[in-house]
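I have placed the structure first, in the form of structure tokens, so that the comments after it can refer back to it.
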There are 2 protein chains.
Amino acid sequence: MANTSADKPNIRQVARLAGVSHMTVSRVLNNYPHIKDATRRRVLEVIEELDYRPNMAARALATQKSQRIGVIVESAVEYGPTSTLRALESTARAAGYAVSSISLGDGDGISPQEAVDNLTTQGVDALCVIAPRSSSIAALRKISIGVPVLVVKPDRDPTFLTVSLDQQEGTTLAVDHLVSLGHRDILHLAGPLDWLDARARERAFHARAKAWGVRERPIVVGDWSADFAYDFARGIREVPDYTAVFVANDDMAVGLVHGLSERGISVPGELSVVGFDDVPLAAHVLPPLTTVRQNFRALGTAIVDLLRAAVEEREIPRVTRIPAELLVRSSTAAPRGAER
Amino acid sequence: MANTSADKPNIRQVARLAGVSHMTVSRVLNNYPHIKDATRRRVLEVIEELDYRPNMAARALATQKSQRIGVIVESAVEYGPTSTLRALESTARAAGYAVSSISLGDGDGISPQEAVDNLTTQGVDALCVIAPRSSSIAALRKISIGVPVLVVKPDRDPTFLTVSLDQQEGTTLAVDHLVSLGHRDILHLAGPLDWLDARARERAFHARAKAWGVRERPIVVGDWSADFAYDFARGIREVPDYTAVFVANDDMAVGLVHGLSERGISVPGELSVVGFDDVPLAAHVLPPLTTVRQNFRALGTAIVDLLRAAVEEREIPRVTRIPAELLVRSSTAAPRGAER
DNA sequence: GCACCGAATGTTACCGGGAACAATTCATTT
DNA sequence: AAATGAATTGTTCCCGGTAACATTCGGTGC
């Protein structure tokens, strides 16, 4: 209703109506300090009246900055990566950045290289890679990108910025919980060890198990899927010689419980199970799953902070540790015949 | 390694090296027909050598088209909307479109108006709204947008393009399954009726129930969350006078089963439960959930097809019906004391 | 040989912003 | 009152593409 001439107004039309040069309008838009208050007000009025919006393409062209962050998500089926992405998006938007995301290995398998190409062509100011496997990091290393790159992964890296949730803390919480219940024989059902998070959890598990004198035993390596864990559980021959399973994610934990139930092994009666992630249904599956919750929102915020700092060439902030949390529900109990 | 002068090459540099005008390069990029083969090859060689990528911002500025689709997702917590978004993204990318998405009501509650503003400012060529409530459609109607808008919702609409999955078919499949097992008293645990999908499922449920002569009874209206259904189930006073529950989504179905188990009501022994969505864990919760699977990938494809046609002012294709599928697992059985 | 036509290519302007630099205004200082 | 310097505003050009129109080129028909 504001302007009858259907077309989108541009900065010069605003300028003309406000009786100033287009640069003055530009300055108002960008909060340039030395603008007379009266002028600013007049310009803002016209902007309001015309319902003017700056054209981002033009701005991007002029400034060589797109105000856009590219994100590559591996396997957006997993809960963690998805949650991280969502948190990242909302933080980014609040900071005035748009997000373009590409998910890999989801149906139409596109390669890391293609994903990077696609995003750089879109002209992103920075790139974030979520939850990758070591192989894709290797692939990334070879690609020259030209913008800051942040990889969500444990362990620092000389090539990229990095952040991650503290896998060690969560794992420690889980193991300590089992040990405190009296478990001394714990199996670890890990994620694919090519995944850095899986590897980190596995390492942390071993370290902690050793510290407590838990019996060393070979881990089982899964693929994050409930199906895998289900099949594994169904394949268990006899009464297992462990009393608890620390599972690297909730999906597998649920599949495991399902498979165990078919084998007639009750949880937590005969076997305790701890998951990782706290997926939305974790509290409601039977039995409700004891699991480790991670703070993906905090992670998303940290990512955006880091990336903005890099883009704007400010000092890179130190990321404060993001704590994990153990949610004790009903899939864990003292082992049968525990002394205490 | 191609060009030592670190900066990104532009179209005129390519032209110079190829010994042609920059327009010829532009024509090669856009598959303009009247280009001598030798010229085209030479240009492509230089492009390759310099690893040149056209600058999308400049192109968008010149053509007034961004090759970008904006998506507004309500409550990206739900499985359906998320899956649709993912499918849409991958189809769009294959068609040369980028996607910008904003999720509403997720933590940092931003309004539909703000979301639309944000996306139009980004300069999208088309807008898609996924899984909305009637209230947000009403809000949308008031906003003038200037690009084609598609709303994923049941029922046609004079204002927008629309597509949706066939809620009726899925519901019919579910109800028929229960009836064929012998159930004549079925409760419907619905989603918020402000949600068009919830409303469509509810209507379809009633229609089908009536057709089968199932006893009419008031439905229960939930909020899609497992928590709600859990609380509801725990609040059940006595032995229910229905023998099956048709739940509007899997999350609530899982919560319901959880609550029922605490009340000592077994599924499917005393009560059969059918869900809707086939979330990834549906096959592995206990008992594995009988549910309706929807083809979100097909939906995503349909959305992109429709939107592209609208943007390119081609004839809008007719969307072929997207079939639903009933997955019979273990949460349904014949009612106790069934004659047959 | 020349007018003519389509194929192939070039020239120029423009899309809508911002950067750099120039110009003007205004309050202080001397 | 003139000089000074900061505040305020304007001018011009450029960002990297594409649109529109102009030009050149090679073959045809007469």
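Throughout, a chain's letter reflects where its sequence line sits, starting with A, and its residues are numbered from 1.
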**Asked** By salt bridge (charged side-chain N to carboxylate O under 4.0 Å, His left out), which residues pair with B:R12, not counting sequence neighbours?
**Response** none
**Prompt:** Do B:L127 and B:L119 touch side chain to side chain, with heavy atoms closer than 4.5 Å?
**Reply:** yes
Mind listing the N/O atom pairs, protein and nucleotides 24-28 of chain D, below 3.5 Å?
none

**Message:** Working to the nearest 0.5 angstrom, can you tell me the gap between A:L17 CG and A:E49 CD?
**Reply:** 7.0 Å
Between the protein and nucleotides 7-13 of chain D, are there any N/O to N/O pairs under 3.5 Å, and if so, what are the atom names and distances?
| from | atom 1 | to | atom 2 | distance (Å) |
| --- | --- | --- | --- | --- |
| D:dT9 | OP1 | A:T39 | OG1 | 2.4 |
| D:dT9 | OP2 | A:K36 | N | 3.0 |
| D:dG10 | OP2 | A:S21 | N | 2.8 |
| D:dG10 | OP2 | A:S21 | OG | 3.1 |
| D:dG10 | OP2 | A:T24 | OG1 | 2.7 |
| D:dG10 | N7 | A:R27 | NH1 | 3.1 |
| D:dG10 | O6 | A:R27 | NH2 | 2.3 |

**Asked** For B:I11 and D:dC14, what is the distance between atoms CD1 and C1' respectively, to the nearest whole Å?
**Response** 16 Å
**Prompt:** Which pairs with one or both residues in residues 21-39 of chain A pass salt bridge (charged side-chain N to carboxylate O under 4.0 Å, His left out), sequence neighbours excluded?
**Reply:** A:D37-A:R41
**Test side-chain hydrogen bond (donor to acceptor under 3.5 Å, both in side chains) applied to B:Q64 - qualifying residues, sequence neighbours left out** = none
**Prompt:** Do B:N118 and B:Q122 have a side chain donor and acceptor closer than 3.5 Å?
**Reply:** yes
**Request:** Enumerate the residues from residues 58-67 of chain A whose closest heavy atom to DNA chain C is under 4.0 Å, giving them by residue number; use none for an empty result.
**Result:** A:A58, A:R59, A:L61, A:A62, A:T63
**Message:** Run A:E89 and B:S103 through side-chain hydrogen bond (donor to acceptor under 3.5 Å, both in side chains) and show every step you take.
**Reply:** CA-CA 9 Å; A:E89 278 180 340; B:S103 53; 4.8 Å; no
**Asked** How would you list all residue pairs meeting salt bridge (charged side-chain N to carboxylate O under 4.0 Å, His left out) that involve residues 151-164 of chain A, not counting sequence neighbours?
**Response** A:R141-A:D157, A:K153-A:D157, A:D155-A:R203
**Asked** Does OP1 or OP2 of D:dT18 have a side-chain N or O of B:N30 closer than 4.0 Å?
**Response** yes
**Request:** Look up atom CD1 in B:I11 and atom CZ in B:R59, then write down how far apart they are to the nearest 0.5 Å.
**Result:** 8.0 Å
**Item:** Leading and trailing nucleotides of DNA chain C with any atom under 4.0 Å from heavy atoms of chain A
**Value:** C:dG16 to C:dC21
**Request:** Mind checking side-chain hydrogen bond (donor to acceptor under 3.5 Å, both in side chains) for A:E312 and listing every partner two or more places apart, or none if nothing turns up?
**Result:** A:Y97, A:R314
**Complete:** Residues passing the salt bridge (charged side-chain N to carboxylate O under 4.0 Å, His left out) test with A:D166, sequence neighbours excluded, are A:R321
**Complete:** Contacts satisfying salt bridge (charged side-chain N to carboxylate O under 4.0 Å, His left out) that involve residues 60-71 of chain B (not counting sequence neighbours) are none
**Prompt:** How far does the helix from C:dG1-D:dC30 to C:dT30-D:dA1 bend, going by the axes of its first and last five pairs, to the nearest 10°?
**Reply:** 50°
**Asked** Rounded to the nearest 0.5 Å, how far apart are CG of B:N31 and CZ of B:R40?
**Response** 6.5 Å
**Message:** Using a strict threshold of under 4.0 Å (side-chain N to carboxylate O), is an ion pair present between A:R53 and B:D117?
**Reply:** yes
**Prompt:** Taking C-beta and beyond as the side chain, do A:P112 and A:L140 meet within less than 4.5 Å on heavy atoms?
**Reply:** no
